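See below for the structure under consideration.
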Amino acid sequence: MRSTTPAPRPWAAWLRQRARRITTALATLALVCTAALTATGTVQAAPAAPAAWTPKPSPMTTPWTNQVPVDNPLPEYPRPQLTRPDWANLNGIWDFAVTSADAGQPASFTDQIRVPFVAESALSGIQRKITQNDKLWYKRTFTVPAGWNGRRVQLNFGASDWRTTVWVNGSQAGGTHSGGYDSFSYDITGLLNGGTNTVVVSVWDPTQTGGQAIGKQRINDVAPHPGGGIFYTAASGIWQTVWLEPTAPAHITRLDMVPDLTNNTLKVTVRGDGVSGQSARVTVSSGSTTVGSATGAVGGTITVPVPSPHLWTPEDPFLYDVKADLLSGSATVDSVGSYTGMRSVGIARVDGVLRPVLNGKFVFQTGTLDQGYWPDGIYTAPSDDALKYDLQKHKDLGFNMVRKHIKVEPQRWFYWADKLGLLVWQDMPAMDTRAPDSAARTQWEAEYDRVIDQHRSSPSVVMWVNQNEGWGQYDQARIADHVKAYDPSRLVDNMSGINCCGAVDGGNGDVLDHHVYVGPGTTVPSATRAAVLGEYGGLGFKVSGHEWYPGGGFSYEDQPNQTNLNNRLVGLLDALREVRMPAGLSASVYTEITDVENEANGLLTYDRQVVKVDAARVRAANLSLIDASRAPASPVVLPTNQYKSLRVTTSGYTDRYLRHRDGAAYTDVVDANSAGLLKSDATWKIVPGLANSACYSFESRNYAGQYLRHRDFRVYKESGSGAVFNADATFCAVRGAGGGVRLSASNFPEQYLRHINAELWLATPGGSHAWDNPASFTEDTTWAVEAPWAP
């Protein structure tokens, strides 16, 4: 995350440099029925350990911090796209110990931890720094419900960071799992004893000292502290739900579902264990009505008809129910529930511009960077409501997309994105910023494949983002080709932020992705890739009483108050709609949805207690942007190679015209009785833009070769050459009120040519300078193009 900007800012050098530096018993448990994702059942536990466990004080309290159950946190069924009616949640209090990294199982477990919260978090009850020299140990007991007799028992982990080994009744269950972001399971049937069973788990997590995917994690103090920058507290150990589930010996392990809108079908591949000679039946339904059904071989493509499909879109995220039955002859030996959304994703030329399309149509994707950190649970949201909350806030603010930034969330997060209707750009978590060795590359690619497999059926996921700003970069083109071949149904971004921090563009994939702070910059499509703005914004506002480390927060552009924050943000969104989208930009990712530790760039505070922005105003700006992509207005066209005069439209000043004097630009009253020199000074030849022929430059009538150009915000009449001068002397036409025109700087699209106190400035909505004053801003930046005073 983060980039340089097209013009110097106080923090630009830092941005460039940082890339280089860079047990109690479980009582009755909720079991889930397939349709409603809830059910009932009980796991019996051995006598409880002493009731000594308490959470630690959280550095910031979210609305859910004090609502987390002690014995049954996160009780919801954790895998919504592969559900069964029987399961048993093992979340809750486990015995816990920390040893040296090379030690064996400890003789005693002296602490207790609330699973699935990481050891660094307050909600775990441990809240301590974990380093590469530590190994985490977990232990608890359980008995298998009598109703599961005769079935296999699977022990499932949503995710554990990083190298996890599991023993049941003293025997290791399968192999050690390496990976922090993918789920894994063990068939523990042969290790069970028929009574009280003991499970022990060890986890070693070297974070940035290893070579594995880590995202934003860094080994830091767990208490709030200054610094940290764009990296945050590490998250070690079990961090997603652990559960038991009974299955038949032959059972389904995954459904790969790809909608085919061309043929109105759903293509399903049923995958399983012990399925030799089995077949599968897949049924798609809407409510109680069966839409289509088909039978085929396990492991092969089963094509289910979905006539006249109800399409999934962000505005109407309709989901079909899916049921898959594993058949042995005519007998059903296993059944799972799931869901799907009928939609397509691709790249197409729209009015001559390469754009991403959803269901064959271009819609601008406006979203935020979502890092998925919590002050109380760090990597783990305190509740399912909390997990949903950030996504719902995207919808409330009018966004239709979210970029999940170098973290992979639990599967219920994807369920909520699917259900609420948000397009998801899913990053693969980055390795450390250094060049990875061959072992790290092998591990990273294998984990990436597993992440894709586990989320490839989610309708909300529309793009895989392979690497970010060159962090741990290698083989960019090869990896992009592999991901595209592995999942051809989605877009691929070979590198988000190819213009930043030493990143090397692989040159392929579906999008060309820039990071520009504050932005929105001037990203344009290529002949083969659509243009997207993978990061921009970073507007900061610190809310007293809601800072992780009071006084320690930073941003990419601090805002003095909420009024400025709102004006600045809406100005950026308006610039996307008015200038950048017509020039070919197709998507944008604002940094960011919430503050994170010492980052104060969020639209919400880190504790989710305060929405910093005017939600209704931001929503309206986002919806206007989306609507404009569906029904674009005709471009504003100015006459070229003709002399014209630009008249002020602000009430009370409509007799004033843009003129130059002593090399600078001003406005002055001009009428029929004005001197000839003044009339000439107020006349400009409109020519195709020096830096962009789709925009315009304004050449002086009486000083040929000299143009209006901005320099340090002030506007002058000057001659010059080169890329910087040409960009400074180019303005893009935007429709203004009453038939007027607004002139946006070609290289700073959010800044407009404005008169104020008779002077001409490049002004920014919500900016902090005197010439950015919000009073009559739109009127002051709207000009009438009229007949020249000096033909």
Side-chain angles (χ1 to χ4, degrees), residues 23 25-26 29 31-32 39 41-47 77-79 82-92 94-95 104-106 109 115-116 136-160 163-179 182-204 238 240-254 270-278 298-299 326-328 331-336 450 453-454:
T23 85
L26 278 182
L29 296 173
L31 296 179
V32 171
T42 303
V43 169
Q44 303 297 326
Y77 188 80
R79 195 181 54 204
L82 193 76
T83 66
R84 289 188 175 90
D86 294 334
W87 71 291
N89 197 333
L90 295 186
N91 290 347
W94 292 48
D95 294 332
Q105 181 175 330
F109 289 69
V115 170
L136 310 183
W137 293 87
Y138 302 76
K139 180 180 179 181
R140 65 152 291 159
T141 59
F142 66 91
T143 59
V144 177
W148 295 8
N149 290 345
R151 289 184 281 178
R152 310 296 296 182
V153 176
Q154 313 296 328
L155 174 59
N156 304 310
F157 291 79
S160 177
R163 180 169 290 160
T164 304
T165 307
V166 179
W167 295 265
V168 176
N169 296 325
S171 296
Q172 185 171 334
T176 293
H177 178 79
S178 295
D182 61 313
S183 62
F184 55 100
S185 300
Y186 299 104
D187 185 327
I188 62 171
T189 312
L191 305 180
L192 300 174
N193 61 18
T196 299
N197 300 276
T198 300
V199 57
V200 173
V201 179
S202 75
V203 187
W204 176 65
I238 297 170
Q240 292 186 29
T241 292
V242 184
W243 81 101
L244 296 170
E245 186 168 34
T247 67
H251 60 276
I252 297 167
T253 57
R254 200 173 88 218
V270 179
R271 306 190 185 276
D273 282 343
V275 294
S276 177
Q278 312 283 343
V298 176
L326 187 64
L327 307 176
S328 179
T332 300
V333 297
D334 189 27
S335 294
V336 296
R450 297 195 298 266
D453 284 340
Q454 289 167 16

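Just so you know, residue 1 is the first one in the sequence shown, and it goes up from there. Note that the coordinates shown come from a computational prediction; the quantities given were computed from them, not determined experimentally.
- Listed here is the closest heavy atom pair of N91 and V242: OD1-N, 3.1 Å.
- Among all heavy-atom pairs drawn from H251 and V275, the shortest one is O-CG1, 3.8 Å.
- Note on D273 versus R152: no salt bridge recorded, every NZ/NE/NH1/NH2 to OD/OE distance being 4.0 Å or above.
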Run the salt bridge (charged side-chain N to carboxylate O under 4.0 Å, His left out) test on R151 and D86 for me, step by step, so that the C-alpha distance in whole Å, both residues' side-chain angles and the decisive distance to 0.1 Å come before the verdict.
CA-CA 11 Å; R151 289 184 281 178; D86 294 334; 3.0 Å; yes
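- With values rounded to the nearest 0.5 angstrom, N156 atom CG is found 8.0 Å from L244 atom CG.
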Test log, rule side-chain contact (heavy atoms from CB on, under 4.5 Å), inputs T332 and L326
CA-CA 6 Å; T332 300; L326 187 64; over 6 Å; no
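- Contact annotation: the side chain of Y186 never approaches that of L191 to less than 4.5 Å [non-hydrogen atoms, C-beta and beyond].
- In this structure, Y138 contributes its side chain and I238 its backbone to a donor-acceptor pair below 3.5 Å.
- Considering CD of Q172 and CD1 of I188, their distance stands at 13.5 Å, rounded to 0.5 Å.
- The closest donor-acceptor contact from the side chain of D334 to the backbone of A248 lies at 3.5 Å or more, if one exists at all.
- Atom CG in L155 sits 7.5 Å away from atom OG in S185 (nearest 0.5 Å).
- Below 30°, between 30° and 60°, or above 60°: for Y77 and W243 the angle between ring planes is above 60°, a perpendicular geometry.
- Side-chain atoms of Q454 come within 3.5 Å of backbone atoms of S183 as a donor-acceptor pair (strictly under, hydrogens ignored).
- Side chain of T189 to backbone of V153: a donor-acceptor contact under 3.5 angstrom is found.
- Here CG of D182 is found 10.0 Å from CG of D453. Values are rounded to the nearest 0.5 Å.
- Within the 4.5 Å cutoff, the side chain of L90 has no heavy atoms near those of the F157 side chain.
- Between A250 and G274, the closest heavy-atom pair is CB-O, 3.0 Å.
- A donor-acceptor pair under 3.5 Å is formed between the side chain of N169 and the backbone N or O of T198.
- Between T143 and G195, the shortest heavy-atom distance links the atoms CG2-O, 3.2 Å.
- Closest non-hydrogen pair, R79 versus T83, comes out as O-CG2, 3.5 Å.
- Taking OG1 of T247 as the reference point, atom CD1 of I252 lies at 10.5 Å (rounded to 0.5 Å).
- The side-chain heavy atoms of Q105 and T165, taken from C-beta on, include no pair separated by under 4.5 Å.
- Among all heavy-atom pairs drawn from V298 and Q278, the shortest one is CG2-O, 3.6 Å.
- Using cut-offs of 30° and 60° on the angle between ring planes, the pair H177 and F184 is parallel.
- Side-chain atoms of T241 and N89, non-hydrogen and from C-beta on, do get closer than 4.5 Å to each other.
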